[in-house]
Number of protein chains: 2
Amino acid sequence: MTDTARSPATLEEVAALAGVSRSTVSRVVNGSTAVSEEALAAVQHAIETLSYVPNRAARSLARRQTHAIALVVPEDTTRFFGDPYFAAIVTGIHTRLSRSDYVLNLFIASDDPGDKTTSYLLGGNVDGAIVVSHHTSDTYVDRIASAVPLVFGGRPVRDRDHDHYVDVDNVAGGRDATQYLIDKGHRRIATITGPHDMPAGIDRLRGYRQAMSAAGLPEFAVEDGNFTSLGGADAMQRILDTGARPDAIFVASDLMAGGALNQLAAAGLRVPEDVAIIGFDDSPIAVATTPQLTTMRQPSLEQGQVMAGVLLELLSGREPRRVTILDTELVVRESA
Amino acid sequence: MTDTARSPATLEEVAALAGVSRSTVSRVVNGSTAVSEEALAAVQHAIETLSYVPNRAARSLARRQTHAIALVVPEDTTRFFGDPYFAAIVTGIHTRLSRSDYVLNLFIASDDPGDKTTSYLLGGNVDGAIVVSHHTSDTYVDRIASAVPLVFGGRPVRDRDHDHYVDVDNVAGGRDATQYLIDKGHRRIATITGPHDMPAGIDRLRGYRQAMSAAGLPEFAVEDGNFTSLGGADAMQRILDTGARPDAIFVASDLMAGGALNQLAAAGLRVPEDVAIIGFDDSPIAVATTPQLTTMRQPSLEQGQVMAGVLLELLSGREPRRVTILDTELVVRESA
DNA sequence: CTGAAAGCGCTAACAT
DNA sequence: ATGTTAGCGCTTTCAG
């Protein structure tokens, strides 16, 4: 089985076979209407028999655009890569892109100013970028933004009111989750939050506070769980250690809720009987815990799709809406 | 803040500024030694002040190579994308690649013969590909393989004894996990398996069988859990429904183990007291369950790195070892 | 050690 | 409707 890796056919060859000029072939390849029936047929046939696929590099060079878009994941975020949330985002982006002829380049970027990723993007090697931004400090984002159109996943920490982004309504999500607990008759409602330098963390806490104060309830306990399983467990333990006995907890992510569940079990507390738990995300982990998590679902797949869609519009010169906010949805299972 | 998106500097401009020819600049950019001290210094300075970054398209066109590699995820696999295993693989690949000047293109491929992904890869748009292959039916892989160097994540289903791949030792992993249970004094050991068309599923079951028969123990119960949480739960339920009462279960993935745990809890069975559970993967989910999972860790991040490394060697013309097998490792937590 | 020149495969005016 | 002609930015002989 010798690799007869014949180098791919070129426009030139197609033209020769079809008996037309390169221009004509180029026209049909690019869907121009100004081509006669016969020429079209001949070219299509030639393309078929030669299995012609346009050479991307040549096309990029001539058109001065790459038809590639970058997905940039800040390095700090890679520890969250294990979060199914990302998988859904990526899948969503890819789904949307597969209907276009853009390809997706994946970058995991450090904040290093001399960074390879940054200079790559700045070097005109992609047409646009999607940044799944989580943290406050990402200065390189500004530099990228000056070179190519950008869309953010999640509200940028420093909202410069000209950035495009798509986010879920974290405030409403936090509020609704907490309200659900209140409606169930709970009064001593604690919360385990995400980090305070991430909008998602900040906003969900804000939602909790809104619901609590609207109900005339005092904040019972607020602990930072850092969006990780371990962080959630630690936060739970800290609450327990103070001697506080909440009858319900709004936990700002399922991963953290999972961790909290462990501590609760270890402490001999039953969920939801002794304390109700509501998570956030509706990640796969939500059905793997015991009891399964009641949670606020965020449409991550859709978020990915929309982000890609917005970027595509930007690239096509249209002016899409600057911010898109997706709704969260309560998913009731066992824990609350 | 007007976007002064000046188009990136070109070789030509660098050459002009440095007072040399394009060739010379090209030489220093590509690390040729045959350049005088002065020329070198001048060029480096020019590059610096112009923030010159080579245009990838132009370079690709001239060199006839793209410096891009594709990560191909079969579409069937996207449902497993939620599996943290993938996240780790991707991170590993990227880690290795970031030390090279290759970029990563992400593809989620359907089996459609006229598929965009396939023709893209066949069109010479990437220099090589990594296929995270899981299923039996992926015919398009053959076509890709005929066009570019390939490395597989996991043993290809149809091992054609010339494919490069890197895998973990699933047989040994399954065997060791089962043996651990045996050593703990368990005798009625069941197993929940992965799908029978995936090598990982097949091999882990094989390992279970080896350990059981070596210990002179009969297979207690074998149910297919499909590598998903729900599948694991169903399989567990089927075992329970037969009236069988295993005292331990080797579950071939953590996700499935999570599902099984739920059924066990619902049935009023305590883990590990009534039945010990050992999972596989050491995925993040393993610490989110109650009790936390004892499991066989597979080094997914390393697997990603090695895959990328092998492909890079292939691309550089060297001949790396054809198959690399990584070890699994027992992680003892609470469930067994 | 360095420069000139000829492409790489494609697009995009500009003619015709 | 179609062909001709310049490039796009870089690499790479080939001379010098």
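Keep in mind it's a predicted model, so treat the numbers as computed, not measured. Just so you know, these numbers use all the heavy atoms, side chains as well, and skip hydrogens, waters and symmetry mates. By convention in this document, chain letters (A, B, ...) are assigned in the order of the sequence lines, proteins followed by strands, and residues within each chain are numbered from 1.
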[N], OP1 or OP2 - any side-chain N/O from [X] closer than 4.0 Å?
X	N	result
B/S21	C/dG3	yes
A/S36	D/dT2	yes
B/T24	C/dG3	yes

Separation of [N] [atom2] from [X] [atom1] (nearest whole Å):
X	N	atom1	atom2	answer
B/L11	D/dC8	CG	C1'	13 Å
A/L61	C/dT11	CG	P	11 Å
B/Q65	D/dC10	CD	P	16 Å
B/I47	D/dC10	CD1	P	10 Å
A/L40	D/dT2	CG	P	9 Å
A/E12	C/dC10	CD	C1'	10 Å
B/N55	C/dC10	CG	P	17 Å
A/N30	C/dT11	CG	P	5 Å

Worksheet item: When you look at CZ of B/R318, are more than 12 heavy atoms from neighbouring residues, nucleotides or ligands closer to it than 6.0 Å?
Response: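 Buried by this count: over 12 neighbours within 6.0 Å.
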Discussion item. By the 4.0 Å heavy-atom rule, please label B/V20 as base, sugar-phosphate, or nothing.
Written reply: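 Since only primed, P, OP1 and OP2 atoms lie under 4.0 Å of B/V20, the category is sugar-phosphate.
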Practice prompt. With heavy atoms under 4.0 Å as the rule, sort A/A57 into base, sugar-phosphate or nothing.
Written response: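 Answer is nothing: A/A57 stays at 4.0 Å or more from every strand.
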Looking only at the side chain of [X] (C-beta and beyond, no hydrogens), which of the listed nucleotides [options] gets closest?
X	options	result
B/A58	C/dT2, D/dG7, D/dG9	D/dG9
B/R22	C/dA12, C/dA6, D/dG7	C/dA6
A/R27	C/dG9, C/dA13, C/dT2	C/dA13
B/S26	D/dT5, C/dC10, D/dT11	D/dT11

Worksheet item: Does A/R64 or A/E37 map to a spot on DNA chain D nearer the 5' end, using the closest nucleotide for each?
Response: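 The residue mapped nearer the 5' terminus is A/E37.
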Worksheet item: If we only count heavy atoms from C-beta on, is the B/S98 to A/I108 side-chain gap below 4.5 Å?
Response: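 No. Closest side-chain heavy atoms not under 4.5 Å.
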Discussion item. Could you check whether any side-chain heavy atom of A/V131 comes within less than 4.5 Å of a side-chain heavy atom of A/L150, counting everything from C-beta outward?
Written reply: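 In short, these two side chains touch, coming nearer than 4.5 Å.
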Worksheet item: Under 3.5 Å, is there an N or O donor on one side and an acceptor on the other linking the side chain of A/S23 and the base of D/dT4?
Response: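 Looking at the base of D/dT4, it does pair with a donor or acceptor on the side chain of A/S23 (distance under 3.5 Å).
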Worksheet item: A/R63 or B/E38: which one's nearest nucleotide on DNA chain C is closer to the 5' end?
Response: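 Of the two residues, B/E38 wins.
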Worksheet item: Do side-chain atoms of B/E313 reach the backbone of B/V310 as a donor and acceptor pair under 3.5 angstrom?
Response: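 Side chain of B/E313 to backbone of B/V310: no pair is present.
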Practice prompt. Check B/A34 against B/R27 and note the closest heavy-atom contact, atom names and distance.
Written response: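 Nearest heavy atoms, B/A34 then B/R27: O-CD, 4.3 Å.
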